[in-house]
Amino acid sequence: MVMKVYGAIASTATRRVFATLYEKDLEFEFVPVDLRAGEHKQGHFLARNPFGQVPAFEDGDLNLFESRAITKYVAYAYADKGTPLICEGKPMATVGVWMEVEAHQFDTLASKLQWELVYKPMFGMAKDAAVVEENEPKLAKVLDVYEARLSQSKYLGCDCFTLADLHHLPTLTNLMGTPLKKMFDARPKVSAWVANIMARPAWAKVLAMTNQQ
Amino acid sequence: MVMKVYGAVLSTATMRVFATLYEKDLKFEFIPIDMPAGEHKKEHFLAVNPFGQIPAFKDGDLKLFESRAISQYIAHVHADEGSPLVCEGKPMATVGVWLDVEAHQFEPLALKLRRELLYKPRSGMATDAAVVEETEAKLAKVLDVYEARLSQSKYLGCDCFTLADLHHLPAMTSLMGTPVKKLFDARPKVSAWLADISARPAWAKVLAMRNQQ
């Protein structure tokens, strides 16, 4: 029975799961959830994710939600397939640190900025300049830490590409299409890392899903 | 060489790490960081956590930060000691979901309420009643999901106490001293779960550290 991903192609959280499945060359079925119609708040979807958010995921009788819990499950359960996205032993502790960094230090700010600069314009809503002004310098400080880290380590968690890097891709790609691109370009190690991870074939497959819509 | 925890006894994130170490009966050295003096932003601390936040952690030559990365490291490396705080195999996938639920659905709301109801009054600032009302309503919805979950499962992640439950203790305990307590009391399964996990001897040891200061 093939794995199922319930979500939306434009959703960064859903894309995180797609990226992981493509990295591992795993077959899956994508079941679109109509966010505009409020399908994610309806009974049949709430049965999969009681918080009413995409994505949700099914592997046989296992039902999961929260994108980073799904990606971790896939990375561990299918450790021998495709790209290794985790490490064995002690190095995994440091990968774990940088997975938390993405979730708590990067994504909190990046999501706020993405909402103002990417989604609001899409919905014809006015940007709140104060939010951008407040969060841009905070993101700059986070990227300074990334610059220092990437001067010591090829990828964030360790010397291999792992979930700690992958989890950034959806929101990062959105921000690279805004004037905030300059913040990433201004830091050589960060810039090289961004270019490297965005060029991965698995990520190209995720972006191709958008173009098929 | 004994494990070291750099932090503060009143910090919810630091308490999360203490709780894990006590659950596993592990010896550790606590190195207090003087927050009011800005020690967390000084070079010697930034060397252990470049984001300048507590806690930070050392186990031999391994340096970690982000409380949930530290607790997960301890739980996996010392899996055979003290309380098992993680599961083997497939059940860990569901524990993983609820670990992310605590981090993304529960804690941001809990910390907002703690700031309004505890920190602000202590610092002579006015509580924003509108923020409290809005955040309480959101927390109520999250707790409704918890009530349903705890009607199917003894603990959040599975039928055993795991990190998915433990991670809630610091922020949740601080809210028990505020009117937000009523949201927990009003939900029988949540209320019973809260009483159960708060009564754990390891948690009493963490609170005793606080009282010694």
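Predicted model only: the values in this text are computed from it and were never measured. Reminder, nothing fancy here: chain letters follow the sequence lines and each chain counts from 1.
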[X] portion near chain A, given a 4.5 angstrom heavy-atom threshold:
{"X": "B:Val101", "result": "both"}
{"X": "B:Val145", "result": "side chain"}
{"X": "B:Ala148", "result": "neither"}

When you check the side-chain N and O atoms of [X] and [Y], is any donor under 3.5 Å from an acceptor?
{"X": "A:Asp59", "Y": "A:Tyr78", "result": "yes"}
{"X": "A:His168", "Y": "A:Tyr146", "result": "yes"}
{"X": "B:Asp59", "Y": "B:Tyr73", "result": "yes"}
{"X": "B:Tyr119", "Y": "B:Arg114", "result": "yes"}
{"X": "B:Tyr6", "Y": "B:Asn49", "result": "no"}
{"X": "A:Trp203", "Y": "A:Thr173", "result": "yes"}

Report task. Select one option (side chain, backbone, both, neither) describing which atoms of A:Val97 are under 4.5 Å from chain B's heavy atoms. Result ->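 For A:Val97, backbone and side chain are both near chain B.
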
Query raised in the report: Is it the side chain or the backbone of A:Val142 that comes within 4.5 Å of chain B heavy atoms, both, or neither?
Result: both

Query raised in the report: Hey, are B:Glu116 and B:Lys112 close enough for a salt bridge, meaning a charged N less than 4.0 Å from a carboxylate O?
Result: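 Here B:Glu116 does not pair with B:Lys112 in a salt bridge, since their nearest N and O are not under 4.0 Å apart.
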
Report task. Just grab all the side chain to side chain donor-acceptor pair (under 3.5 Å) pairs involving residues 93-105 of chain B, residues at least two apart or on different chains. Result ->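 Matches after skipping sequence neighbours: A:Gln53-B:Gln105, A:Glu66-B:Gln105, B:Arg16-B:Glu102, B:Arg68-B:Glu102.
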
Query - Residues from residues 100-120 of chain A approaching chain B under 4.5 Å (heavy atoms) - result: A:Glu100, A:Val101, A:Ala103, A:His104, A:Gln105

